[in-house]
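All ligand and atom numbering here is 1-based and tracks the order in the structure.
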Amino acid sequence: MDFLQTFGRQPEGIWAAPGRLNIIGEFTDYNDGLVLPMAIDAVTTASVARRDDDVIRISSLAAPATATPVVASRICDLTPGGVASWSSYAFGVVWAMNEAGLVVGGVDVLIESNVPIGAGLSSSAALECALGLALRDLFASPLSPRELARLCQRAENAYVGVPSGIMDQTASLCCIEGHAIEFDTRSGEIEQVDFDLSTAGLELLVIDTQVRHQLATSAYGDRRSACEFAAKAIGVKALRDATLSDLEKVPDDVVRRRARHVITENERVVEVAALLRSKHYVEVGPILSAAHQSLKEDFEVSCAELDLAVDIAISAGAFGARMVGGGFGGCVIALIRSEDQRTIERSVTAAFASRGFTPPRIFGALPAAGARRIA
Ligand code: ADP
Ligand code: MG
């Protein structure tokens, strides 16, 4: 179904927003810490045409087959806190813009995407940002990418009800091709860091285990509380401000390990950003592997499929690898020589088959462009 078939007319334009891959800095965002994401070339597009009324009609080719093909609501009827569904991510953006006092009118919207959903590559922010950008352009709202990122985050937090940080939307909207962004989630400061992997003959291999565990949602809240508890025990505002020697002030062994992950992970972001600046890309590999060890042993958010993908990728030639995203499934990223892609892919696929795991989906990623109008 294209826009014409769905809505009986042509769209006024098409806007694209990429998924993102966080090179390093996992679970640091809600601890006021640093992250280092880059955009990937998988995008979500929003084809949009304005209407004469205040009705929002949206359709997504990736919506569950059981869902209504076109979901509609009047803008004045949008209220947060309802039962969240895929359409809440789109309605939330309209609601957040409207609530911020921006004039937004009715639109027909068709969403298409090749960003893997629920895999830790941020399909949710890609959807929000593609639509957000379209609404900003069509209704001439004077919003900077950073302000738009905050509105899209508000859509996800307040309308959908997911307490996620600001990294995903910022990466999708602010990244530029051939760069990663070093993003300080406390100050909001963004620095574009040159990351010319392809000239170096390198790429990041994304191994989507296809595992999606519900556990990720409850564990997210649980880990978040542990971090807050640790910060309180240490006497700092957030774990961003703590050092390893502070850990002795944390009474509980499990909480101490959770905090240790955040503290060491924040240091890893600083190290990796420095390596990128000096173009020592290959040396990033072992730091990714150390991050995986920390996510597995200290933060305890890995699973058998993620561990296998990391181990096999490394033994087949990757410089290093780690799980990304919320955990218990989703993707692994491995830093590899582009020429080794086939070999590593084959090894990982074979290892998954021999363990009886679902075949992984594997693709190479390079730092790609951020959100933009494409038609
Ligand atoms: P991630 O952002 O890592 O992919 P999330 O759980 O944050 O995972 O967001 C996934 C949810 O976002 C999906 O379950 C769905 O509700 C919504 N979503 C994302 N992309 C699309 C799309 N193209 N069409 C419909 N819904 C989508
Ligand atoms: Mg998301």
Side-chain angles (χ1 to χ4, degrees), residues 1-3 6 14-22 26-27 29-30 35 37 39-40 42-48 56-71 82-94 109-134 149 152-173 206-221 224 301 306 323-333 361 363 365 371:
M1 287 294 277
D2 61 12
F3 196 94
T6 310
I14 305 175
W15 288 259
R20 62 97 191 98
L21 205 162
N22 189 22
E26 209 65 75
F27 301 103
D29 61 344
Y30 58 73
V35 291
I40 58 174
V43 295
T44 296
T45 60
S47 305
V48 184
I56 309 289
R57 293 199 296 173
I58 46 168
S59 184
S60 168
L61 302 184
T66 48
T68 326
V70 178
V71 194
V83 179
S85 78
W86 74 268
S87 57
S88 313
Y89 290 86
F91 285 137
V93 173
V94 180
V109 183
L110 178 69
I111 300 291
E112 293 174 74
S113 182
N114 60 0
V115 182
I117 292 179
L121 299 174
S122 201
S123 67
S124 60
L127 193 166
E128 293 150 14
C129 295
L131 179 58
L133 206 61
C152 290
Q153 183 202 13
R154 178 144 175 76
E156 189 157 328
N157 293 169
Y159 198 90
V160 185
V162 178
S164 45
I166 185 71
M167 165 171 69
D168 298 350
Q169 294 82 3
T170 305
S172 187
L173 289 165
V206 181
I207 304 164
D208 181 354
T209 62
Q210 311 263 28
V211 177
R212 306 285 186 267
H213 278 160
Q214 273 326 101
L215 193 56
T217 318
S218 56
Y220 187 89
R224 204 173 166 146
V301 288
L306 292 167
M323 55 153 285
V324 296
F328 309 105
C331 295
V332 158
I333 55 165
R361 207 181 136 221
F363 57 95

Peer 1: Might you point out which heavy atoms bring G132 and V93 nearest each other, and give the distance in Å?
Peer 2: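 Here G132 and V93 meet closest at CA-CG1, 3.8 Å.
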
Peer 1: Looking only at protein heavy atoms, which one is nearest to atom 3 (O) of ligand 1, and how far off is it?
Peer 2: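 Scanning the protein heavy atoms, the shortest distance from atom 3 (O) of ligand 1 goes to G120 N, 3.2 Å.
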
Peer 1: Should S123 be counted as touching ligand 1, given the test is an N or O pair under 3.5 Å?
Peer 2: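 For ligand 1, there is an N or O atom that lies under 3.5 Å from one belonging to S123.
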
Peer 1: Compute the minimum heavy-atom distance from L127 to ligand 1 and say whether it is under 4.0 Å.
Peer 2: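 A heavy atom of L127 does come that close to ligand 1.
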
Peer 1: Using the side-chain contact (heavy atoms from CB on, under 4.5 Å) rule, pick out the option among V70, L110, V109, I111 that qualifies with S60.
Peer 2: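 Answer to the side-chain contact (heavy atoms from CB on, under 4.5 Å) test with S60 among V70, L110, V109, I111: I111.
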
Peer 1: Considering distance alone, does some N or O of S60 sit under 3.5 Å from an N or O of ligand 1?
Peer 2: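 Yes.
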
Peer 1: Any N/O/S atom, side chain or main chain, of S124 closer to the Mg ion (ligand 2) than 2.8 Å?
Peer 2: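 True for S124.
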
Peer 1: Find all atoms of ligand 1 within a distance of less than 4.0 Å from any non-hydrogen atom belonging to A62, and give their numbers and elements.
Peer 2: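 By the 4.0 Å cutoff, the relevant atoms are 22 (C), 23 (N), 24 (N).
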
Peer 1: Please report the closest heavy-atom contact between C152 and Q169, naming both atoms and the distance.
Peer 2: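 Of all heavy-atom pairs spanning C152 and Q169, the closest is CB-CG, 3.6 Å.
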
Peer 1: Are any of the side-chain heavy atoms of T45 and S113 separated by less than 4.5 Å?
Peer 2: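 Sidechains of S113 and T45: no contact.
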
Peer 1: Which of the atoms in ligand 1, numbered in the order shown and given with their element, are less than 4.0 Å from a heavy-atom of S113?
Peer 2: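 So the answer, numbered in order with elements, is 23 (N).
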
Peer 1: Please work out whether the ring planes of Y220 and Y30 are parallel, tilted or perpendicular, with thresholds of 30° and 60°.
Peer 2: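 It falls in the perpendicular class, over 60°.
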
Peer 1: Between Y159 and V94, is there a side-chain heavy-atom distance shorter than 4.5 Å?
Peer 2: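 No; the side chains remain at least 4.5 Å from each other.
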
Peer 1: Determine, step by step, whether F91 and V71 satisfy the side-chain contact (heavy atoms from CB on, under 4.5 Å) criterion, reporting the C-alpha distance in whole Å, the side-chain angles of both residues, the deciding distance to 0.1 Å, and the verdict.
Peer 2: CA-CA 10 Å; F91 285 137; V71 194; 3.8 Å; yes

Peer 1: If the cut-off is 4.0 Å to any non-hydrogen atom of I111, which atoms of ligand 1 fall inside it?
Peer 2: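 Here the atoms of ligand 1 in question are 23 (N).
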
Peer 1: Under 4.0 Å, counting heavy atoms only: does G118 come that close to any atom of ligand 1?
Peer 2: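 Contact check G118 vs ligand 1: positive.
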
Peer 1: Applying the side-chain contact (heavy atoms from CB on, under 4.5 Å) criterion to C331, which one of I207, L121, L21 satisfies it?
Peer 2: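 In the set I207, L121, L21, the residue that makes a side-chain contact (heavy atoms from CB on, under 4.5 Å) with C331 is L121.
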
Peer 1: So which atom in G326 and which in F27 form the shortest heavy-atom distance, rounded to 0.1 Å?
Peer 2: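 Minimum heavy-atom separation between G326 and F27: O-CZ, 3.5 Å.
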
Peer 1: To the nearest 0.1 Å, how far is atom 15 (C) of ligand 1 from its closest protein heavy atom, and which atom is that?
Peer 2: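 Ranking protein heavy atoms by distance from atom 15 (C) of ligand 1, first comes W86 CB, 3.9 Å.
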
Peer 1: Taking the minimum heavy-atom distance to atom 14 (O) of ligand 1, which of D168, L61, I117 ranks first?
Peer 2: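 Considering heavy atoms of D168, L61, I117, the nearest to atom 14 (O) of ligand 1 sits in I117.
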
Peer 1: Please work out whether any backbone atom (N, CA, C, O) or any side-chain heavy atom from C-beta onward of S124 is under 4.0 Å from ligand 1, and answer side chain, backbone, both or neither.
Peer 2: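 Both backbone and side chain of S124 come within 4.0 Å of ligand 1.
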
Peer 1: Under 4.0 Å, heavy-atom basis, I'd like to know which part of Y89 is in contact with ligand 1: side chain, backbone, both or neither.
Peer 2: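 Only the side chain of Y89 comes within reach of ligand 1.
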
